[in-house]
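Heads up, the thing below is written out as structure tokens.
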Number of protein chains: 2
Amino acid sequence: MVSINDVAEKANVSISTVSRVINQNANVSREKEEAVLKAVDELDYIPNGLAQGLVTKKSKSIGVLIADIANLYYSYLVKSIEKELRAAGYYAVIGNTEWDGKREKEYVRHLMQRQVDGFILASTSLTSSYLEQLLEKDIPLVVLDREIKSDKIDKIRIDDYKGGYQAAEHLLECRYNYFVHLQGADFTATAADRARGFKDCMQDNGIDHSNYKVISSSFVESEAAQDIAQFLDSNNIKDKRPGIFAANDAAAFGVLKELKKRGIKVPEQAGVVGFDNVNFAEYSSPALTTISRPIDEIGKISARTLLKRLNMNENEKITEKDITLAVKLIRRESTAKISEEKL
Amino acid sequence: MVSINDVAEKANVSISTVSRVINQNANVSREKEEAVLKAVDELDYIPNGLAQGLVTKKSKSIGVLIADIANLYYSYLVKSIEKELRAAGYYAVIGNTEWDGKREKEYVRHLMQRQVDGFILASTSLTSSYLEQLLEKDIPLVVLDREIKSDKIDKIRIDDYKGGYQAAEHLLECRYNYFVHLQGADFTATAADRARGFKDCMQDNGIDHSNYKVISSSFVESEAAQDIAQFLDSNNIKDKRPGIFAANDAAAFGVLKELKKRGIKVPEQAGVVGFDNVNFAEYSSPALTTISRPIDEIGKISARTLLKRLNMNENEKITEKDITLAVKLIRRESTAKISEEKL
DNA sequence: CTGTTAGCGCGTTCAG
DNA sequence: CTGAACGCGCTAACAG
């Protein structure tokens with residue numbers, strides 16, 4: 001391993017001088033600078049980031065925790081975050097938690113050990129008290145899609161409640177006559193909010209309890225497929241046309257698959273609405289009606305918010321951000337208005 | 001920041017003792033161990049990984065370079081790699097290169113600076129001489145989907161040639177009467193091999209040059225869509241039924257989209273074959289016929305191979321791995337055999 | 001079994 | 001403008 005000493009020796013200067021030209025922040029004479037650069041080049045020297053970090057207390061890397069890298073929402077989010085971070089000279093260390101709180105904690109620990117400069121948490125289940133602990137250690141935090149009471153944490157989210165409401169409303173408009181929502185993981189605020197929106201819409205429109213149902217389900221495709229299968233098996237709604245609002249697009253794809261398997265025609269005999277408007281939503285068969293959220297923007301804002309905090313002066317008045325982005329219904333083929341005469 | 005000194009002080013022992021209990025490798029008396037553990041707990045102490053790495057020369061992290069995290073092939077690959085690595089106490093640092101050789105080099109540099117213990121390269125464009133440089137620094141390397149002459153690098157790949165051949169063969173069987181292959185990025189071995197397989201199949205079956213075409217295209221959805229559009233605009237094949245073999249599934253989705261836009265019916269008026277058998281291939285409209293490769297296994301093998309090398313004794317005889325996995329045609333709805341009477 | 005000590009590679013005073 | 005010296009937090013001999 002070639003170290004700063006080797007470079008100094010080869011260039012006939014002290015290690016301080018080498019350090020100065022590496023970091024470009026102090027004045028070094030033309031000649032020495034060139035000598036150093038030459039030595040760096042010849043030796044193919046790359047500074048040891050661990051040693052640098054040890055003294056500067058900065059690692060230039062950001063921990064990014066997400067729930068499932070194979071979920072298109074998260075992979076696009078990561079892509080967007082990573083792009084923004086890179087532009088500022090930072091690097092993302094991605095942690096895939098698989099919706100598992102235990103893994104999330106392990107990751108936070110590991111990443112703290114690795115001295116990341118900050119976190120973007122787009123995973124789901126850390127309790128806010130745990131987050132506070134993180135803050136005590138003075139590690140900047142941006143939290144996505146979660147309700148946190150702390151006023152020291154930047155929050156970026158979307159209007160899940162309204163999304164749930166809109167999804168339900170759309171299903172109503174389409175004249176499906178039984179409504180089911182496959183709610184996402186219990187411990188997430190997003191799932192709860194979407195479900196709340198769904199229920200409120202049902203009540204606001206005077207739908208009887210016997211005509212709608214919220215099922216505790218999942219954000220994962222295969223699990224949602226199982227849950228809808230179980231529902232269809234155990235409930236006698238053969239004469240009804242169910243309008244199904246899945247927890248997210250991945251779950252919706254699972255539902256679509258199960259429906260297809262059973263020969264239930266979408267959108268005629270059942271309607272399906274997803275959430276996220278993932279890239280593939282438009283390609284699926286049938287193309288998925290869904291609630292869209294601005295993934296790219298979410299990533300960009302998250303990264304920028306964190307970066308800003310990272311570069312803030314200790315004394316600067318800190319006002320935490322709490323941004324809520326709007327969502328929007330995208331109508332596609334998995335739902336359709338049942339025509340008058342058919343009713 | 002609480003350091004090992006604070007713990008030592010609080011537990012009334014020396015820092016070496018603290019280090020010993022942290023690393024669990026030396027004998028420490030029951031009492032002292034408990035005292036240390038107690039202090040660790042109370043102080044909420046987390047060892048500084050940078051300092052640890054600085055002395056042990058190990059960072060317990062692996063650089064994983066991929067071409068596009070938003071491509072389902074890569075996101076599943078990452079998921080699989082990450083899972084395997086984690087089980088062994090290693091962590092993946094993901095670099096998203098966007099098929100860009102420059103970014104790839106930047107990442108390698110940055111990750112070397114961060115002292116990753118090894119690399120899994122599933123990106124695409126590093127020249128093998130550059131890879132050799134990496135090896136000179138004694139950093140274990142596993143390279144996916146690439147031809148490398150070096151016998152010091154572990155290689156995992158799939159049979160791209162056969163995949164291309166099979167895709168072409170299938171299109172032939174289906175009786176399409178004009179054949180086009182949208183070849184992926186020039187600088188990749190995978191694209192070249194698939195194209196070679198395609199061409200060989202054409203020639204083996206005596207297809208005239210005027211009836212097939214290889215177009216230089218891309219692995220990216222939007223670019224493939226543009227390329228097929230341009231092809232359809234500039235070539236007069238209105239009376240033909242083109243069988244299109246895209247560079248990968250992402251590209252195939254782009255093609256499907258463009259075809260749909262033009263009202264060209266798939267599989268009747270045109271056939272489409274992808275490559276990868278990504279999770280969504282079965283959901284698309286129409287469901288995508290494609291060449292499948294064992295993504296999960298590729299990831300698992302890659303990680304294990306690297307891990308094995310990491311734990312190898314310096315003196316151990318090193319035989320490099322060069323594994324080629326088989327691929328398989330998956331027939332779905334985007335291709336279909338044209339029935340006799342229609343011909 | 002335990003403490004002392006010497007670095008790991010680097011940035012940063014502080015003199016000069 | 002430059003170099004010597006210190007210390008970041010930790011592990012690994014080395015004594016005891």
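Because the structure is a prediction, the values reported are computed rather than measured. Per chain, numbering begins at 1; letters A, B, ... match sequence-line order.
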With [X], which residues qualify under salt bridge (charged side-chain N to carboxylate O under 4.0 Å, His left out), at least two apart?
{"X": "D68(A)", "value": "K79(B)"}
{"X": "K10(A)", "value": "E42(A)"}
{"X": "K155(B)", "value": "E320(B)"}

side-chain contact (heavy atoms from CB on, under 4.5 Å) against [X], all qualifying residues, sequence neighbours excluded:
{"X": "A88(B)", "value": "Y90(B), L307(B)"}
{"X": "D296(B)", "value": "S80(B), K300(B)"}
{"X": "N5(B)", "value": "S3(B), I15(B)"}

Using the C1' atoms of five pairs at each end, what's the angle between the two axes of the helix from dC1(C)-dG16(D) to dG16(C)-dC1(D), to 10 degrees?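 Between the first-five-pair axis and the last-five-pair axis there is 40°.
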At 4.0 Å (heavy atoms only), tell me whether S19(A) reaches a base, stays on the sugar-phosphate, or touches nothing.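 If one applies the 4.0 Å heavy-atom cut-off, S19(A) turns out to touch a base.
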Do any N or O atoms of the protein come closer than 3.5 Å to N or O atoms of nucleotides 6-9 of chain C, and which pairs are they?
{"from": "dC8(C)", "atom 1": "O3'", "to": "K57(B)", "atom 2": "NZ", "distance (Å)": "2.8"}
{"from": "dG9(C)", "atom 1": "OP1", "to": "K57(B)", "atom 2": "NZ", "distance (Å)": "3.0"}

Pairs touching residues 33-79 of chain A that satisfy ring pair (Phe, Tyr, Trp, His ring centres under 6.0 Å), sequence neighbours left out: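 As it turns out, the ring pair (Phe, Tyr, Trp, His ring centres under 6.0 Å) pairs with a partner in residues 33-79 of chain A, which skip direct neighbours, are Y74(A)-W99(A).
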Span of DNA chain D in contact with chain A (heavy atoms, under 4.0 Å): dC1(D) to dG9(D)
Flag yes if more than 12 heavy atoms outside E98(A) fall under 6.0 Å of its CD atom; otherwise flag no.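 Above 12, so yes.
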Pairwise 5' ranking along DNA chain C for N23(A) and S29(B), keeping only the more 5' one: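 That would be S29(B).
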Value in whole Å for how far the C1' atom of dG11(C) lies from CD of Q115(A): 16 Å
Residues 50-59 of chain B side chain polar contacts: donor-acceptor under 3.5 Å, at least two apart:
{"from": "Q52(B)", "atom 1": "OE1", "to": "Q113(A)", "atom 2": "NE2", "distance (Å)": "2.9"}
{"from": "T56(B)", "atom 1": "OG1", "to": "Q52(B)", "atom 2": "O", "distance (Å)": "2.9"}
{"from": "T56(B)", "atom 1": "OG1", "to": "K58(B)", "atom 2": "N", "distance (Å)": "3.3"}
{"from": "T56(B)", "atom 1": "OG1", "to": "K58(B)", "atom 2": "O", "distance (Å)": "3.4"}
{"from": "S59(B)", "atom 1": "OG", "to": "S61(B)", "atom 2": "N", "distance (Å)": "3.3"}
{"from": "S59(B)", "atom 1": "OG", "to": "S61(B)", "atom 2": "OG", "distance (Å)": "3.0"}
{"from": "S59(B)", "atom 1": "OG", "to": "Q115(B)", "atom 2": "O", "distance (Å)": "2.5"}
{"from": "S59(B)", "atom 1": "OG", "to": "D117(B)", "atom 2": "OD1", "distance (Å)": "3.4"}

For Y91(A), which residues count as a ring pair (Phe, Tyr, Trp, His ring centres under 6.0 Å) partner, sequence neighbours excluded? Y107(B), H110(B)
Confirm from the modelled atom types if S16(B) and dT4(C) form a donor-acceptor pair under 3.5 Å, side chain to base only. yes
